[in-house]
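In what follows, chains are A, B, ... by sequence order, proteins preceding strands, each numbered from 1.
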Protein chains: 2
Amino acid sequence: MSTKRPVKPADAAAASAKPRAAERIRSMARELFYREGIRAIGVEEIVSRAGVTKPSLYRSYASKDELAAEYLRDYEAEFWKRFEAGAETHPGDPRAQLLAYFRGLAERAVRPGYRGCGLTNAVVEYPGNEHPARKVSQTHKRKLRARLVEMSEAMGAKSPATLADGLLLLLEGTYVSGQLFDRDGPARSLVAVAEQLINSSTR
Amino acid sequence: MSTKRPVKPADAAAASAKPRAAERIRSMARELFYREGIRAIGVEEIVSRAGVTKPSLYRSYASKDELAAEYLRDYEAEFWKRFEAGAETHPGDPRAQLLAYFRGLAERAVRPGYRGCGLTNAVVEYPGNEHPARKVSQTHKRKLRARLVEMSEAMGAKSPATLADGLLLLLEGTYVSGQLFDRDGPARSLVAVAEQLINSSTR
DNA sequence: TGACGATGTTACCGATCGGTACGTATGATT
DNA sequence: AATCATACGTACCGATCGGTAACATCGTCA
């Protein structure tokens, strides 16, 4: 089975691991879709800036919509990595874990050019329920909500569902407010408000 | 001076007040831009569904972007009407005024097909700082934030700026969450969380 | 070496985008 | 009746949209 594949993957450990066209497209789509929005970016711009051409895109992705969905799957993976990063630095302390993410988010959200959450933005861009990107986003947000309920329970909330909802509203509000205000936006108060909410929700 | 103008405006009090092409375009643009998004709607669809043609649009509006900005100005006017509606039913009680709006919003936000705030959505659709619609939105949000600080002061908040930021984050979070979740979304907890936040912020 | 599958290219498709040149109907004024 | 500005429609523009057919090139294995 080791000889079944070409040699390239074998020496991927070497420094010669060249990026495939599909991967270049994928990473360029990720960057452009996030920064400019999915509707704003044409496939031609993606492939040209990736140094390839359109057929290379359509060999690996069924359509632009599917590429957008793929971008969101990548985005989601990165989100969870960031979100769960606090679990290592604050083991067994869900409150500290959550606030660690909130702190990082508040910092990013007041920086100029902040673009919020790619998954949330995609849903705003595509109101209809048909788009594949929408399903990725909605599934993710349900997962996030469930995770917040877990953490609220672990924090000893009187009403975990309500606290989780409140935290989620603050999160989404921060994502979008970061795009509405240049600096000194309401995101600067995120951590203080979240702490206040958690404190008055836990016994 | 009564003979200076044509007779039509004079009998506007009568039932024959016909809508101008510009007004039909304006109202159709408002509906379509809000429900489907600005980028998703072409000018052809607007004018055809308004029963007019494109030149009629460009006679009254310099460009699609300007029409979008006009739509947002209309949207903002309606927003303030809704937002300040509580001032009449609860005079001198900023807390009740605010919560009245929150209650109405929470109700709308969990209804299927909810599309959030048109002003917020426009900023997500146009990340670049060049679009005229963006300026309308950003100006409005700054005004809203200032109004929330006023009301927070009137409620006797220990830190009016922080409370206002928290309330704004909850608002924006509700606008966008309403699009992310079908029903039973986090917006259902909006009023409870807002009350909790206000209670723990006022002396 | 010869065949093959994967990957790349050039050149093109119909549809739709935002926007406009130009002719026409209307309706009040002189 | 002649006039003239306003308001509207027909028909079209070049550009760009997402997507594809057909051909060239490469590395791999029989």
Protein-nucleotide distance ([X], atom [atom1]; [N], atom [atom2]), rounded to Å:
{"X": "Tyr61(A)", "N": "dT20(D)", "atom1": "OH", "atom2": "P", "result": "16 Å"}
{"X": "Leu57(B)", "N": "dG19(C)", "atom1": "CG", "atom2": "P", "result": "9 Å"}
{"X": "Ile25(A)", "N": "dG19(D)", "atom1": "CD1", "atom2": "P", "result": "13 Å"}
{"X": "Arg59(B)", "N": "dT26(C)", "atom1": "CZ", "atom2": "P", "result": "16 Å"}
{"X": "Glu23(B)", "N": "dC8(D)", "atom1": "CD", "atom2": "P", "result": "11 Å"}

Q. Which value, rounded to the nearest 0.5 Å, describes the distance between Arg108(A) atom CZ and Tyr175(A) atom OH?
A.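 Atom-to-atom, Arg108(A):CZ and Tyr175(A):OH are 7.5 Å apart.
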Partners passing side-chain contact (heavy atoms from CB on, under 4.5 Å) against [X] (at least two apart in sequence or in another chain):
{"X": "Asn121(B)", "value": "Val124(A), Arg115(B), Gln179(B)"}
{"X": "Glu66(A)", "value": "Ala62(A), Ser63(A), Ala69(A), Arg73(A), Pro132(A)"}
{"X": "Ser201(A)", "value": "Leu163(A), Leu197(A), Gln196(B)"}

**Q.** All ring-ring contact (aromatic ring centres under 6.0 Å, His included) counterparts of Phe83(B), not counting sequence neighbours
**A.**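 Once residues adjacent in sequence are excluded, the partners of Phe83(B) under the ring-ring contact (aromatic ring centres under 6.0 Å, His included) criterion are Phe79(B), Trp80(B), Tyr101(B).
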Q) Does any pair with a residue in residues 116-137 of chain A pass salt bridge (charged side-chain N to carboxylate O under 4.0 Å, His left out), and if so which ones, sequence neighbours excluded? A)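 Residue pairs with at least one partner in residues 116-137 of chain A: there are none.
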Distances for protein N or O near nucleotides 15-18 of chain D N or O, under 3.5 Å:
| unit_1 | atom_1 | unit_2 | atom_2 | d |
| --- | --- | --- | --- | --- |
| dG18(D) | OP1 | Lys64(A) | NZ | 2.7 |
| dG18(D) | OP2 | Val43(A) | N | 3.0 |

Q) If only side-chain N and O atoms of Thr53(A) are considered, is one of them under 4.0 Å from the OP1 or OP2 phosphate oxygen of dT9(C)? A)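 Yes.
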(Q) Side-chain N or O of Ser56(B) versus OP1/OP2 of dG9(D): is the shortest distance under 4.0 Å? (A)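 Answer yes for this pair, as a side-chain N or O of Ser56(B) is under 4.0 Å from OP1 or OP2.
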